[in-house]
Amino acid sequence: MAQQTPVRPLGATGAMIDEDWEALRFRVHRSAYRDPEVFRTEVDRIWNHTWLYLGHETEIPKAGDFKTRTLGGRPLIFCRDADGQVRAFFNACTHRGTVLCRHSEGNTKFFQCFYHAWAFSNSGELAALPGDDAYPDDPAFRASMALRQVPRLQIHEGFVFVAFDPDVPDLLTHLGPAAHYMSLTAKIGEHGMTTLPGVQLYSVKGNWKLAVENAMDGYHFAPTHNTFVGYLRETGFAVTDDDQYAYDLGGGHGLLVLTGHNGRIGMVWEPRFGDEEKTRTVTKRRELEARLGPELAAEVADASRILFVFPNLLLFDLEALTIRQLEPVAADRTDVRAWQFVEVGEPESVRALRIKTMVSFVGPGGLATPDDIEAYEAVQRGITATADSVDPAHDWSDMSRGMANEKQGNQGRSIDEGAMRSFWRRWAEVVGAGTSVAGDPPAGTPAAGPAAGGAGK
Amino acid sequence: MVKVESREVTRAEVEDFLYREAQLLDEWRLDEWLTLIEPGGRLEVPTTDWAGWDATTAGYFVADDYELIQARVKRLKSRKAHAENPHSRTHRMISNVLLLEAGAETVWISANFLIHRYRDNGAYTYVGRYEHVLKVDPDGLRFRLRRAVPVMESMDPGARLSFIL
Ligand code: FES
Ligand SMILES: [Fe+2]
C-alpha cells in the first residue's frame, strides 16, 4: 500500500513550503502558482517593497531619451534628464491621472499631457500649467504638482533598479554577492557593455515563479532541449552537465555556473563560432588578462553563468548575453522582456555572430526557449488537476533533487534543485507564507559562489 | 509585373508562390518547404520594436542563416521539439501582395499575412507583413531572404514563434 502523504493545513497560517531533512523532501504547494490571492500578496509584499530591475542605462544613452515600461503593474517613465541623470517617474499626470507619455520610447525635453496640456520637464518639474491664473499664485502649488518620482533609484554597473518603498535597504545590500556576478559580466567588454535595440517582448501563460525555476534548473536541460543539444552535437560540440554547480547567493538570488554548457563568444571557442572567431578568442583572452589580471580574467571568461536577481532579473551570460526581465501580470500570466547585451565597439562580424547565436537559443522564436515556454504553460495547465479539495495530498510540486548531497555538505550541482529551494525559502519569508521544516537542515553556510580560480566544489 | 535580367515576374506568379508556401507550412510539409529556400538564404523575424535594423546590429526573434534554417526544420520534424509536439494547427491568409523592386536576379516583394494558430485550447493571432527577397530562377522563385515582420506591439500571451511565421 502506498504510504499516505500527510496533508498540511493551508491558508494564511498553513505551510506552503514543506521541507523535511529526514525524508529528504522539499515541496511547494501548487496554489503558490495558481491562487489569485497569493498573487495579490506577492504584488503587495514583493513588488511593492523590494528593489526591482527597471532597465539598463544604455537603453537611454542621451539626455532626453526615455522608455515607458510597466513594472510591478505600474506604468513608469524611465528617462535621462537634461543634465544626464537617470530618472524613473510614475507615468501618470499629477492633475487627474492620465497616462502622461503614451509612446514606448523617444527623446524629449518635456512630457506634455494631452488632456489639459500640463507639461513636465524630463526632471519632473511642472513646466507649463495652461490657465494658471485660476490656480494659487504660489510656487509651492507648482512644486506639489511635480511629476511623482519612484521613491528609490540606484544603479549597479549600469543596471538600474527602483523600489516603490522608500525604506528598502541600499541596493548593494539587497544584491549581496549577486553584485559581484553582475560586475563580472560588465567587465567582459574592453570598452564596456551595452544593450541593443530589438527587444523581445512576449508573454507566457504561466506564473512568474515557473520562469525563475526554469532558469535555475539544469535538470531540465537535456530532456527539454533535446533538439538543441542535438543541433550543437552536429556542429561539433558535446554539451556536458559535469562539473556545474548551483549557488545560493542569499536574498533569494541564485547562480548557476556552467562549464561544459556551451562556448562563450570571445572567451571559450566552440566550432559553430567559426575560424575567424577562434583567432579572436585568443586575442580577446590576452586583452582580458592584460586588463584584469589572469585570475579575474579567468573568472570572467571561463564559465557560463545564469544569475537570478530576486525577484525580476535574469542575466544569461552564456554563448552570448541576454538580460531578461519578468513582469508578473496575473497568477497565470507573465510578460517577458529580453535585451541582447553586447560588447561596446566589437567588430561587426562578432556582433552579427553574437546576435545570431543568442537568438538561435533564447526567445520565443529560438530553438530552445519555446520548449521552456511549453514547460511553464504545461505546468500551469497541469497543476489544475489536483486543485482544491480533489486531491490535496498530491497538490504539491517536488523540488527535493540533490538534498542528500546537500545534507552531506557538498556543493549543489546545477542539475539538482537547490537553487530553486533557496529561491522558495526567500519567497516564503517575504510573502509570509508558512514553511514547515522537519529534521536538521545541513549545518554551515553554503558557499556564496565558486571559490576563486574556478568552479568550486 | 517587374522585369529582372532574365525574365519577367508577375504578381500572379508571386501570389501563387506565397500561397503554395503557406499550404506547405500549414500542412507541416517542412522538407518540401525547405526546397523553397535558396542555399545561403536567410529566415528572419524582427522584434516588435523594429525600425529597420538588420539582424547584425539589433536583437531579433529569428535570425537564421541557412545552417540554422536546416537545424530548425530538423528540430521541428523531431518528436522532441516539445513546443511543436503535437504540432500547432495553423491557418494562413496572405493578401496585399506588392512587387516592390527588381534586382539583377531578385525581386523584392511585400505582402500582408494573418495567421491563426490553435493549440491546447488556445487561439492565437499573428498579424504582420512579409518583406521577402525572392531569387528568380528560370522556372520558379525561391527565398533569398524570408522576412516576416510582426505588427503586434508584443507577442500575446502564449503566442510564441515555435512554428514558422
Ligand atoms: S490630466 Fe493631465 S493635464 Fe489634466
Ligand atoms: Fe531551458
Side-chain angles (χ1 to χ4, degrees), chain A residues 104-105 195-206 223-232 234-235 272 322 329-330 332-342 348-349 351-360 362-375 377-378 381, chain B residues 42-86 88 119-124 126 148-150 152-165:
Chain A
S104 55
E105 58 188 321
T195 53
L196 288 182
V199 187
Q200 295 182 340
L201 303 178
Y202 58 103
S203 185
V204 297
K205 296 206 260 185
T224 299
H225 302 305
N226 176 288
T227 62
F228 190 78
V229 171
Y231 155 66
L232 287 187
E234 281 185 9
T235 67
R272 72 182 150 137
T322 289
V329 177
D332 59 357
R333 181 177 153 190
T334 306
D335 286 351
V336 184
R337 303 164 188 149
W339 292 260
Q340 301 300 315
F341 196 47
V342 304
E348 213 172 288
S349 59
R351 179 71 54 88
L353 173 69
R354 195 185 279 287
I355 294 166
K356 177 190 92 167
T357 307
M358 203 61 201
V359 167
S360 76
V362 299
L367 302 185
T369 302
D371 296 331
D372 293 313
I373 297 172
E374 174 79 353
E377 297 187 346
R381 294 197 309 278
Chain B
R42 293 185 57 83
L43 178 70
E44 296 184 347
V45 181
T47 50
T48 49
D49 60 342
W50 191 56
W53 314 297
D54 68 38
T56 60
T57 58
Y60 264 57
F61 282 129
V62 177
D64 285 0
D65 58 13
Y66 191 60
E67 260 176 39
L68 276 166
I69 297 171
Q70 291 170 294
R72 184 177 293 273
V73 165
K74 182 163 188 194
R75 156 179 156 75
L76 288 174
K77 287 167 59 188
S78 160
R79 288 188 304 114
K80 301 284 186 173
H82 309 294
E84 286 298 341
N85 177 30
S88 301
R119 193 166 183 273
D120 303 317
N121 299 306
Y124 311 93
Y126 300 76
V149 184
M152 300 90 83
E153 294 180 300
S154 66
M155 304 311 287
D156 286 342
R160 59 195 181 216
L161 296 162
S162 45
F163 65 110
I164 288 164
L165 190 67

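We use all heavy atoms of the structure for the numbers below, so side chains are in, but hydrogens, waters and symmetry mates are not. In what follows, chains are A, B, ... by sequence order, proteins preceding strands, each numbered from 1.
In this structure, chain A has a heavy atom under 4.5 Å from the backbone of B/Asp156, while its side chain stays farther away. Interface remark: B/Ser162 contributes backbone and side-chain atoms alike to the contact with chain A (heavy atom separation under 4.5 Å). In this structure, no portion of B/Val45 lies under 4.5 Å from any heavy atom of chain A. Using a 4.5 Å cut-off between heavy atoms, B/Glu153 contacts chain A through its backbone alone, with no side-chain atom that close. No part of B/Trp50 comes within reach of chain A, as not one of its non-hydrogen atoms sits under 4.5 angstrom from that chain.
Under 4.0 Å is where a charged nitrogen must lie from a carboxylate oxygen, and between B/Arg160 and A/Glu374 at least one such pair does.
When every heavy atom of B/Ala63 is checked against every heavy atom of A/Val359, the shortest pair comes out as N-CG1, 3.8 Å. Closest approach of A/Ile355 to B/Gly59, counting heavy atoms only: CG2-CA, 4.4 Å. B/Thr48 approaches A/Leu201 most closely through the heavy-atom pair OG1-CD1, 4.0 Å. Closest non-hydrogen pair, A/Asp371 versus B/Arg75, comes out as OD2-NH1, 2.7 Å.
Chosen from B/Asp120, B/Leu76, B/Leu165, the residue pairing most often with chain A at heavy-atom distances under 4.5 Å is B/Asp120. With chain A as the partner, the residue from B/Pro46, B/Ala51, B/Ser154, B/Ala159 showing the most heavy-atom pairs under 4.5 Å is B/Ser154. Among B/Asn121, B/Asp65, B/Asp64, the residue with the largest count of heavy-atom pairs under 4.5 Å with chain A is B/Asp65. Listed options A/Gly365, A/Ala352, A/Gly230 were ranked by heavy-atom pairs under 4.5 angstrom with chain B; first place goes to A/Gly365. For chain B, the option among A/Asn226, A/Thr322, A/Thr369 with the highest count of heavy-atom pairs below 4.5 Å is A/Asn226. Chain B forms more heavy-atom pairs under 4.5 Å with one residue of A/Arg381, A/Glu348, A/Arg337 than with any other, namely A/Arg381.
Using a 4.5 Å heavy-atom threshold, the side chains of B/Thr56 and A/Arg351 count as separate. Inter-residue side-chain proximity for B/Glu67 and A/Arg272 is flagged as unmet; no heavy-atom pair is nearer than 4.5 Å. Side-chain atoms of B/Trp53 and A/Pro197, non-hydrogen and from C-beta on, do get closer than 4.5 Å to each other. For the pair B/Leu68/A/Leu367, a side-chain contact is recorded, criterion being any heavy-atom separation below 4.5 Å from C-beta on. Residues B/Asp49 and A/Val199 form a side-chain contact, since some pair of their non-hydrogen atoms from C-beta on lies under 4.5 Å apart. Put simply, the side chain of B/Pro157 does not reach to within 4.5 Å of the side chain of A/Glu377, judged on heavy atoms.
With rounding to the nearest 0.5 Å, the separation of CE in B/Met155 from CD1 in A/Ile373 is 9.5 Å.
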Practice prompt. List the steps and the verdict of side chain to side chain contact (heavy atoms under 4.5 Å, CB included) for B/Lys74 and A/Glu234.
Written response: CA-CA 11 Å; B/Lys74 182 163 188 194; A/Glu234 281 185 9; 2.2 Å; yes
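Using modelled atom types, one side-chain atom of A/Gln200 and one backbone atom of B/Tyr60 make a donor-acceptor pair closer than 3.5 Å. In this structure, the side chain of B/His82 does not engage the main chain of A/Pro370 through any donor-acceptor pair within 3.5 Å.
Within the structure, the salt bridge (Lys or Arg N to Asp or Glu O under 4.0 Å) test picks out no pair touching residues 51-60 of chain B (sequence neighbours left out).
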